[in-house]
Amino acid sequence: MLDIQKIRADFPILSEKVNGKPLVYFDNGATSQKPQIVIDAIAKYYQEINANIHRGVHTLSQLATDAYEISRVKIQHHINAKFSHEVLFTSGTTHGINLVTNGFASILKPGDEVVVSSLEHHSNIVPWQMLCEKTGATLKVIPMNEEGELIMEAYDALLSEKTKVVTVNHISNALGIINPVKYMIEKAHAVGAAVLIDGAQAVPHLKPDVQDLDCDFYAFSGHKMCGPTGTGILYGKEEWLNKLPPYQGGGEMIKEVTFEKTTYAELPHKFEAGTPNIAGGIVLGTAVDYLNHIGFDAIHQHETHLLEHATKRLLEIEGLKIYGTGNKASVISFNIDGIHPYDIGSIIDKLGIAVRTGHHCAQPIMSFFCIPGTIRASFSFYNTIEEIDIMVEAVKKAKTMLS
Ligand SMILES: *Cc1c(COP(=O)(O)O)cnc(C)c1O
């Protein structure tokens, strides 16, 4: 069992008041809060070792480079990548996905097909649409059912030798549904397609094993897993990263530059042009250490408890409907009959409760359910049963005020 009060004490913001009320933070799907150890590590970097990396002979540059590369190896072990050069630092999931779609622009041909799921975040739809527009490839969409689950029979039927890439999230941000990615990867590989997994919502809840999944790419953001904003990771299998052209040209990513021809640096530097978010990259390693110290089994156990309690309590409210009822992570997307999600969100905000309202960057899901949006409460390991009860009472109060 987790010592929740002890964990909460690690997060200074959790003892803040918002609108005069103790903060109840249930917008973890948008970004997580940061423990003091992460906040301190950012200052420590600038106070003690700030220097540019991979270029100086001087001591500070060496110290900063070592810290950055140690963080890369830490993340390599965390996701069980085979090599540390398969772990690319990015500014977040969006950057990682765009790096891959940019690379595929030189690989796809008219008539090729890209398969996306109907459960995707806009970040994992729009770059693929842009890629299809550029190359003449066709975008195919895996449909979902009323439970918010992808329909696997339909997925199987979409795959053919024309399929070149499949892209799907590990866990849906809008509904919390956990997709059967291992099955999907195996099926895609059987027709020779590459697979990108958008792990943005998975990494706060579980420890992905990229070798076991056998995915070709796995993208995630640091800020949803207790790390700083502007950090992220793109894992890519070595053979794919060697095959794809660089994303950006600049310093750091070259072997030799002449005006006639430039040759590119080895992995991972080929994809890391310019001065990166050095502090962020180092501190993402601190965040990963922090999460592992708490332990993903304990996190899973606690979050399951929160999800079950919140589901049971919210369903006490008449006219409340939960979207996404399949196998899922600790996320609840809901609406109350006849009330706009925004109105509930605004009232409970006055009571210190932070939830997300709207389409959650996943408009196709809202269209599927014929709704403008939902109220999304997304729980983290530092949330408590008491906080859920506070939210349920606040939602009841808002409902009374609005009906
Ligand atoms: C948050 C999120 C993204 C985008 O992440 P950024 O950090 O904004 O780049 C992509 N996909 C999913 C599933 C997300 O939850």
Side-chain angles (χ1 to χ4, degrees), residues 25-34 38 75 88-102 116-131 141-142 144 148-150 166-181 184 195-206 208 213 215 217-235 247 271 276-277 280-281 283-284 287-288 303 323-324 326 328-333 354-366 373-374 376-380:
Y25 188 76
F26 286 162
D27 196 16
N28 296 289
T31 198
S32 73
Q33 296 302 348
K34 320 300 172 201
V38 162
I75 294 158
L88 309 181
F89 282 110
T90 64
S91 66
T93 309
T94 305
H95 175 189
I97 294 170
N98 278 277
L99 188 157
V100 174
T101 58
N102 178 77
V116 305
S117 98
S118 49
L119 278 179
E120 298 312 303
H121 188 284
H122 295 163
S123 287
N124 200 25
I125 299 175
V126 182
W128 298 102
Q129 283 175 321
M130 289 162 64
L131 171 64
V141 184
I142 313 161
M144 61 192 271
E149 296 167 319
L150 295 177
V166 171
T167 188
V168 63
N169 58 44
H170 198 163
I171 296 183
S172 147
N173 65 302
L175 307 179
I177 293 289
I178 304 170
N179 289 311
V181 286
M184 295 176 77
V195 185
L196 181 142
I197 303 296
D198 171 352
Q201 291 295 332
V203 289
H205 305 294
L206 55 86
L213 288 173
C215 53
F217 303 97
Y218 194 99
F220 59 96
S221 301
H223 69 93
K224 292 177 182 177
M225 57 185 309
C226 296
T229 54
T231 64
I233 295 293
L234 175 71
Y235 159 80
Y247 181 41
F271 290 103
N277 180 353
V283 176
L284 181 52
V288 164
E303 290 181 347
Y323 300 91
K328 65 179 197 172
S330 54
V331 174
I332 302 188
S333 229
V355 291
R356 178 95 183 261
T357 63
H359 56 62
H360 317 297
C361 299
Q363 285 179 347
I365 300 179
M366 305 302 134
T374 67
R376 182 189 67 184
S378 46
F379 311 121
S380 176

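First listed ligand is number 1; within each ligand, the first listed atom is number 1.
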Hydrogens and angles aside, do Thr167 and Asn124 bring a side-chain donor and acceptor to less than 3.5 Å of each other?
yes
Is there a donor-acceptor contact under 3.5 Å from the side chain of Lys224 to the main chain of Ala30?
no
Note every protein N or O atom lying under 3.5 Å from an N or O atom of ligand 1, pairing the names and giving the distance.
from	atom 1	to	atom 2	distance (Å)
ligand 1	5 (O)	Ser221	OG	3.4
ligand 1	7 (O)	Ser221	OG	2.6
ligand 1	7 (O)	His223	NE2	2.8
ligand 1	9 (O)	Thr93	N	3.4
ligand 1	9 (O)	Thr94	N	2.9
ligand 1	9 (O)	Thr94	OG1	2.5
ligand 1	11 (N)	Asp198	OD1	3.3
ligand 1	11 (N)	Asp198	OD2	2.5
ligand 1	15 (O)	Gln201	NE2	2.6
ligand 1	15 (O)	Lys224	NZ	2.7

Answer yes or no: is there a side-chain heavy-atom contact under 4.5 Å between Met144 and Ile177?
no
Determine which pairs satisfy side chain to side chain donor-acceptor pair (under 3.5 Å) with at least one residue from residues 92-101, sequence neighbours left out, and list them in order.
Ser91-His95, Thr93-Ser221, Thr94-Ser123
Arg376 and Ala174: which non-hydrogen atoms are nearest, and at how many Å?
CD-O, 4.1 Å
Identify the two heavy atoms, one from Thr374 and one from Ser333, that lie closest to each other, and give their separation to 0.1 Å.
OG1-OG, 2.7 Å
